[in-house]
Amino acid sequence: MRGIGGRHWTFALGVAMLALFLLVLVLTPWIAPHDPAIQDLGNRLAGPSAEHWLGTDHMGRDVLSRLMWGGRFSVTIAGITLAICAVSGVILGALAARRGGWVDELVMRAVDVLVCFPDVVVALFLIALFGTGYGTLIAALTIAGWTPFARLMRGLALEINAKDYVEAAEVLGSPKWFILFRHVIPNALPPVAAMSFLRFGHKLITVGALSYLGLGVQPPDSDWGAMLLDAQPYMERAPWVGILPGAAIFLAALSVTLIGQGLDKKKKSRRRRSVASGAPGAPTPVHGSALDEGEAL
């Protein structure tokens with residue numbers, strides 16, 4: 001079953017969901033019905049109404065407005081950390097494959113060590129050293145977050161380094177940095193893009209988890225994880241104050257995951273058709289896929 005542009009239907013559904021989320025978050029300063037920090041203690045835990053479409057929380061604040069403003073924080077932090085992880089991981093993985101030797105050994109052993117430490121554990125360690133803050137949160141999400149990209153890029157680069165056009169560039173005397181940034185990295189971008197969407201969902205959930213533990217945004221600001229923490233004591237009386245931010249995290253993570261899966265399925269389908277047709281230059285089948293290897297981390 002195909003979606004837009006001949007891609008898998010999961011890609012089309014994910015794009016539609018993500019576009020809706022981003023549109024709402026971009027327009028939040030203009031369309032949010034209330035100030036998310038304004039309290040109305042006489043209207044605490046009120047149900048949905050014409051004035052408060054999704055009700056109010058335990059301090060009388062508008063839940064819809066806090067969802068919209070909190071989403072801006074969660075998505076922004078996840079996006080910044082993902083960009084840092086992707087760029088650093090791609091460069092390190094490409095260098096490891098291109099240089100080999102002690103460089104490859106150093107990068108891959110660092111990957112092996114860092115994957116043993118979940119983001120939450122790293123965050124707790126950094127909080128103990130430097131205290132809470134946006135910088136600490138971003139650092140915690142990036143210290144180990146580059147490792148899946150490095151492992152993926154290394155596997156792709158090893159395949160690309162064996163291609164004829166790379167060998168031709170070497171024979172012509174092209175500098176190693178030119179080969180790396182002109183041939184190796186650009187030809188590995190499609191799988192990296194698929195991995196990026198898949199990892200964005202993971203980052204978004206981790207941001208929510210850290211905020212739920214009190215390591216993220218600090219009051220009076222809000223994000224989806226902090227809203228879950230605030231809602232926990234009132235779930236029986238006003239379940240919507242906890243269900244709605246949890247649903248927002250789930251749907252946002254689902255949208256980018258569907259996009260990543262759609263891109264990956266498109267890539268694998270194209271590879272199978274190329275191999276089956278025996279087209280010149282068709283990629284040689286390998287055991288598993290580099291994307292699967294990266295996702296395992």
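Positions are given from 1 along the sequence.
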At their closest point, which heavy atom of [X] faces which heavy atom of [Y], and how far apart are they?
X      : Y      : result
Leu156 : Pro191 : CD1-CB, 3.8 Å
Leu228 : Pro245 : CD2-CG, 4.0 Å
Leu82  : Ser196 : CD2-O, 3.4 Å
Val207 : Phe73  : CG1-CE2, 4.4 Å
Ala96  : Asp104 : O-CB, 3.3 Å
Phe149 : Val90  : CB-N, 4.3 Å

Stepwise side-chain contact (heavy atoms from CB on, under 4.5 Å) check, Met59 with Asp40: CA-CA 6 Å; Met59 301 184 72; Asp40 182 7; over 6 Å; no

Is there a path from [X] to [Y] through hydrophobic residues (I, L, V, M, F, W, Y) whose side chains come within less than 4.5 Å of each other?
X      : Y      : answer
Leu22  : Leu251 : yes
Leu204 : Val26  : no
Val107 : Val113 : yes
Leu158 : Leu189 : no
Leu23  : Phe21  : yes

Spatial distance of atom [atom1] ([X]) from atom [atom2] ([Y]) [nearest 0.5 Å]:
X      : Y      : atom1 : atom2 : value
Arg154 : Glu159 : CZ    : CD    : 11.5 Å
Leu54  : Ser49  : CG    : OG    : 10.0 Å
Phe11  : Phe197 : CZ    : CZ    : 7.0 Å
Trp69  : Arg72  : CH2   : CZ    : 5.0 Å
Leu25  : Thr76  : CG    : OG1   : 8.0 Å
Thr206 : Ile249 : OG1   : CD1   : 10.5 Å

Only one of [options] passes side-chain contact (heavy atoms from CB on, under 4.5 Å) with [X]; say which it is.
X      : options                     : value
Ile80  : Val75, Ile138, Thr142       : Ile138
Met153 : Ile91, Leu95, Val184, Leu92 : Val184
Arg44  : Gln39, His58, Arg61         : His58

side-chain contact (heavy atoms from CB on, under 4.5 Å) evaluation trace for Met68 with Ile31: CA-CA 9 Å; Met68 296 167 70; Ile31 65 176; 3.3 Å; yes

Indicate yes or no: at least one non-hydrogen side-chain atom of [X] is less than 4.5 angstrom from one of [Y].
X      : Y      : result
Val63  : Trp53  : no
Leu198 : Gln261 : yes
Asp230 : Asp57  : no
Asn43  : His52  : yes

Is it the case that the side chain of [X] and the backbone of [Y] share a donor-acceptor pair, with hydrogens and angles ignored and the cut-off at 3.5 Å?
X      : Y      : answer
Lys203 : Leu141 : yes
Thr56  : Ala46  : yes
Thr81  : Ala78  : yes
Ser88  : Cys85  : yes
Trp224 : Leu67  : yes
Arg66  : Pro36  : yes

Criterion side-chain contact (heavy atoms from CB on, under 4.5 Å) on Arg237 and Leu45, from CA distance to verdict: CA-CA 8 Å; Arg237 178 179 173 184; Leu45 300 176; 3.6 Å; yes

Worked verdict on Met17 versus Leu13 for side-chain contact (heavy atoms from CB on, under 4.5 Å): CA-CA 6 Å; Met17 294 173 61; Leu13 179 59; 4.0 Å; yes

Any side-chain donor near an acceptor of the partner, Asp223 and Ser211, under 3.5 Å: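 Side-chain D/A pair, Asp223 to Ser211: present.
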
